[in-house]
Protein chains: 2
Amino acid sequence: MPIADLNLLRRAEMFGSLPTEALADIAAAGLPRRLVAGERIFAQGDPGVTCHTLMEGRVKIVQTLPDGTQAVLRFIGPGEMYGTVAALMDQPFPADAIAVTESVELRWGVSNFRELMRRHPEIGVRSTASAGTRLFDLQNRISELSTERVEQRIARAVLRLAEQAGRPTPQGTEIDFPITRQELAEMTGSTLHTVSRTLAAWDQAGVTASARRRVIVRDRAALQAMADH
Amino acid sequence: MPIADLNLLRRAEMFGSLPTEALADIAAAGLPRRLVAGERIFAQGDPGVTCHTLMEGRVKIVQTLPDGTQAVLRFIGPGEMYGTVAALMDQPFPADAIAVTESVELRWGVSNFRELMRRHPEIGVRSTASAGTRLFDLQNRISELSTERVEQRIARAVLRLAEQAGRPTPQGTEIDFPITRQELAEMTGSTLHTVSRTLAAWDQAGVTASARRRVIVRDRAALQAMADH
DNA sequence: CGACTAATTGATTTGCTTCAAATATCGTGG
DNA sequence: CCACGATATTTGAAGCAAATCAATTAGTCG
């Protein structure tokens, strides 16, 4: 297992400050897997029998409602885990996981993962904390969805993405993976039309610079002001 | 500690099938506390230093946004825990907890609770599962808030409440604690006006029977149909 | 160069909020 | 026991944010 993998595992909040030997143990038990852009890693409703950590690339978690409409629940970056809570609970996956770009993941069968938890009990403590962090995030998103207008929610979504997946460029902070107006709409409970109009207005005002599947934040403070007010 | 307490603890998913001696240990470490209706148990932003289980009554968890608008995140019934995730993460409470009716809770200081977890490791396993269940619930609510119309969301909220706090009456299933139009609005991201109009229409159609701070579900199937379509 | 996917942009509609006021219900103290 | 203040609910009217409808245009890729 190459050193790069261990450093990425170290970044995962689930494995955080475990000793290097433990990380090696964990990495060795996992199966690395290459993913092409658009590939579905697991499907909503599938039995949750695998735990995943992203090594490279970007993955989105999308929930589909009975009527076919979709909501993007989160974007995953390197070092983050997904599928794990469902697997540990012996529940079906509550959403699809789809590679947004070409990616590399490490996956474990849930029984192997439980064995790792037994050998490294710290993982158990972290898993509650990790679920807790996401719980709080989701609670905030619910409050936001309940009370804020669409433009604010789009501003927040773009800020969050720039935060977690920002790459500095001469023009500003660029979201470092391709994202469509449709996906931003599915993150914010809006429509691609409204997102398009909103980004167009922001581009006009010099707050953002957007193009096909690309968004650059030029004026973070202005966006933050949109999100707050 | 009276037997009634132990049976209630048994109902808590966190303590589920622990042996009776363990439950007695847990109950003995906790401080019982009587709450009057409307009393605030902890406040959003307070350091999370206590874990709580409800013994009797009903508690609501309410998040307030910077602009003062509120969102009701959940209603707690006997046997359910609250505040625990924040406490275990050494995080401030992300929301207020307020007794809706006269209630009785059992509370632990977080260090005592951690000690209980050490003595009864099963609690740790359960805590992840418990956080996971709520995680999934919240994800569903986000999808719903993102894509459904207000009437559907109100229908879902009423169904959920009838499910978790339903008391059978001659007329149908009554939500067994007082709930205002305002609170239903804060659960669904709507306004008390819209909730009032919606309930009035349902009452008219014989689907519900509502009064001041009371809601009775007379035709569950019809409500379910509203939620689905 | 097509075929496809993504984005834009105008016109129209609508579900829901907001504004405004009246009415109903409850608890409480005189 | 009734009056009165506080809380909760109803209902109408107006306004608006954002969805929907409807084309058109712009990139991208094989």
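Chain naming here is simple, since letters A, B, ... match the order of the sequence lines and numbering starts at 1 in each.
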Closest to the A:Arg197 side chain: C:dA6, D:dA8, C:dA11? C:dA11
OP1, OP2 of C:dG15 versus side-chain N and O of B:Thr194: anything below 4.0 Å? no
Taking atom types as modelled, is there a side-chain donor on B:Asp96 or B:Gln63 under 3.5 Å from an acceptor on the other? no
Within this structure, what is the CD-to-P distance between A:Gln152 and D:dA17, rounded to whole angstrom? 12 Å
The residue, B:Arg213 or A:Glu148, whose nearest nucleotide of DNA chain D is more 5′ is B:Arg213
In whole angstrom, give the distance that lies between atom CG of A:Leu192 and atom C1' of D:dA23. 14 Å
Does D:dA19 have OP1 or OP2 sitting under 4.0 Å from an N or O in the side chain of A:Thr191? yes
Look at the side-chain N and O atoms of A:Ser196 and state whether any lies under 4.0 Å from the OP1 or OP2 oxygen of C:dT8. yes
So, OP1 or OP2 of D:dT9: does either fall under 4.0 Å of a side-chain N or O from B:Arg181? yes
Would you mind reading off the distance between B:Glu102 atom CD and C:dG27 atom P, rounded to a whole angstrom? 14 Å
Integer-rounded Å distance: C:dA7 P and A:Leu184 CG: 9 Å
Check every atom of D:dA26, D:dA19, D:dA8 against the side chain of A:Arg212 and return the nucleotide holding the closest atom. D:dA26
Rounded to whole angstrom units, what separation is found between the CG atom of A:Leu199 and the P atom of C:dT9? 12 Å
Is a side-chain donor or acceptor of A:Arg218 paired with a backbone partner of A:Val207 at a separation under 3.5 angstrom? no
Just checking, is any N or O donor in the side chain of A:Thr191 or A:Thr194 under 3.5 Å from an acceptor N or O on the other one? yes
With distance as the sole test, does A:Glu102 use its side chain to make a donor-acceptor pair with the main-chain N or O of A:Gly57 at under 3.5 Å? no
Polar side-chain contact B:His193-D:dT11 base: donor and acceptor under 3.5 Å: yes
What is the separation between atom CG on B:Asp203 and atom P on D:dT9, rounded to the nearest whole Å? 12 Å
Atom CD of A:Glu186 and atom P of C:dA7 are separated, to the nearest Å, by 12 Å
Return the value, rounded to whole Å, for the distance between atom CD1 of A:Ile179 and atom P of C:dA7. 10 Å
Quick one: CZ on B:Arg214 to CZ on B:Phe177, what's the gap to the nearest 0.5 Å? 13.5 Å
Given C:dA7, D:dA19, C:dA20, the nucleotide with the shortest approach to the side chain of A:Thr180: C:dA7
